[in-house]
Amino acid sequence: MRRQILTFAVVGVANTATYYGLYLLFLLRLPYLAAHILAFFLSMTGSFFLNARFTYRTRPTWRKFLLFPLTNATNFLITTAGVYVIVDVLHAGNRFAPLLASAAAIPVTFAVSRVIMLPRSA
């Protein structure tokens with residue numbers, strides 16, 4: 001379990017960097033919320049494969065791939081609400097809002113992804 005948590009954290013850092021780079025790139029042409037949504041879904045695909053291979057050491061299957069977005073549903077809702085609150089309610093700017101908003105969703109995402117990615121007996 002300790003190795004999984006550490007690997008999940010490393011994959012999360014890589015995923016966050018990918019997400020944030022895509023977010024900044026899309027922000028050049030899109031409104032912040034559209035940039036957030038598009039970057040989120042693209043980085044989630046990479047996260048699935050990295051977590052399957054390195055965190056849970058399990059074979060990626062179509063079933064897991066199709067269920068994996070459920071693991072990020074809470075993450076998506078928390079980060080989207082957080083980005084909205086930081087930008088539109090607190091007027092704190094849109095460049096760092098996603099990084100701040102994503103911190104609260106990490107533990108929930110790990111717990112749910114572990115249930116999806118590992119067989120019932122693990």
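Side chains of Arg57 and Gln4 form no contact here, defined as non-hydrogen atoms less than 4.5 Å apart. Looking at heavy atoms from C-beta onward, Leu70 lies out of side-chain contact with Val112 at the 4.5 angstrom threshold. Ile37 is listed as a side-chain neighbour of Phe76, based on a closest heavy-atom distance under 4.5 Å. Two residues are said to be in side-chain contact when any heavy atoms from C-beta on lie closer than 4.5 Å; Thr55 and Met117 fail this criterion. Asn75 has its side chain within reach of Phe40: a pair of non-hydrogen atoms, C-beta onward, lies under 4.5 Å apart. Under the 4.5 Å side-chain criterion, counting only non-hydrogen atoms from C-beta, Phe96 is in contact with Leu99. With contacts defined as side-chain heavy-atom distances shorter than 4.5 Å, the pair Pro69/Met44 qualifies. Contact check for Tyr32 versus Tyr84: side-chain heavy atoms found under the 4.5 Å cut-off.
Separating the CG atom in Asn15 from the OG1 atom in Thr109 is a distance of 9.5 Å, to the nearest 0.5 Å. For the atom pair CZ (Arg95) and CG (Leu100), the distance works out to 13.5 Å, reported to the nearest 0.5 Å. In this structure, CZ in Phe110 is found 9.5 Å from OG1 in Thr7, a value given to the nearest 0.5 Å. Atom OG1 of Thr71 sits about 6.5 Å away from atom CD1 of Ile116, to the nearest 0.5 Å.
Nearest heavy atom pair, residue Val87 against residue Ala97, reads CG2-CB, 3.8 Å. The shortest non-hydrogen separation linking Ala101 to Thr79 is CB-O, 3.6 Å.
The aromatic rings of Trp62 and Phe65 sit perpendicular to each other, their planes meeting at more than 60°, with 30° as the lower class boundary. Ring pair Phe8/Tyr56 is tilted by interplanar angle, where 30° to 60° counts as tilted.
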> Hey, mind stepping through Thr16 and Tyr23 against side-chain contact (heavy atoms from CB on, under 4.5 Å) and telling me if it holds?
Replying inline: CA-CA 10 Å; Thr16 301; Tyr23 173 76; over 6 Å; no
> Which is it for Thr18 and Leu42 under the side-chain contact (heavy atoms from CB on, under 4.5 Å) test, yes or no, and what are the steps along the way?
Replying inline: CA-CA 9 Å; Thr18 300; Leu42 289 173; over 6 Å; no
> Between Thr45 and Phe68, is a side-chain contact (heavy atoms from CB on, under 4.5 Å) present by the stated rule, with each step listed?
Replying inline: CA-CA 9 Å; Thr45 300; Phe68 193 75; over 6 Å; no
> After noting the C-alpha distance and the side-chain angles of Met1 and Ile5, does the key distance pass the side-chain contact (heavy atoms from CB on, under 4.5 Å) rule?
Replying inline: CA-CA 6 Å; Met1 176 79 96; Ile5 292 171; 4.0 Å; yes
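Aromatic pair His36/Tyr19: ring centres closer than 6.0 Å.
No donor-acceptor pair under 3.5 Å is formed between the side chain of Arg53 and the backbone N or O of Phe48.
Atom CZ of Arg59 sits in a sparse spot, with 12 or fewer heavy atoms from other residues, nucleotides or ligands closer than 6.0 Å.
A single hydrophobic cluster is seen to contain both Val89 and Val83, as judged by linkage of ILVMFWY side chains at heavy-atom distances under 4.5 Å, directly or through other members. Hydrophobic clustering (ILVMFWY, side-chain heavy atoms < 4.5 Å, transitive): Leu38 and Tyr20 are in distinct clusters. Both Leu33 and Val85 belong to a single network of hydrophobic side chains, linked directly or stepwise wherever heavy atoms of I, L, V, M, F, W or Y lie under 4.5 Å apart. Under a hydrophobic-cluster definition in which Ile, Leu, Val, Met, Phe, Trp and Tyr are linked whenever side-chain heavy atoms come within less than 4.5 Å, directly or via other members, Phe41 and Leu27 are assigned to the same cluster.
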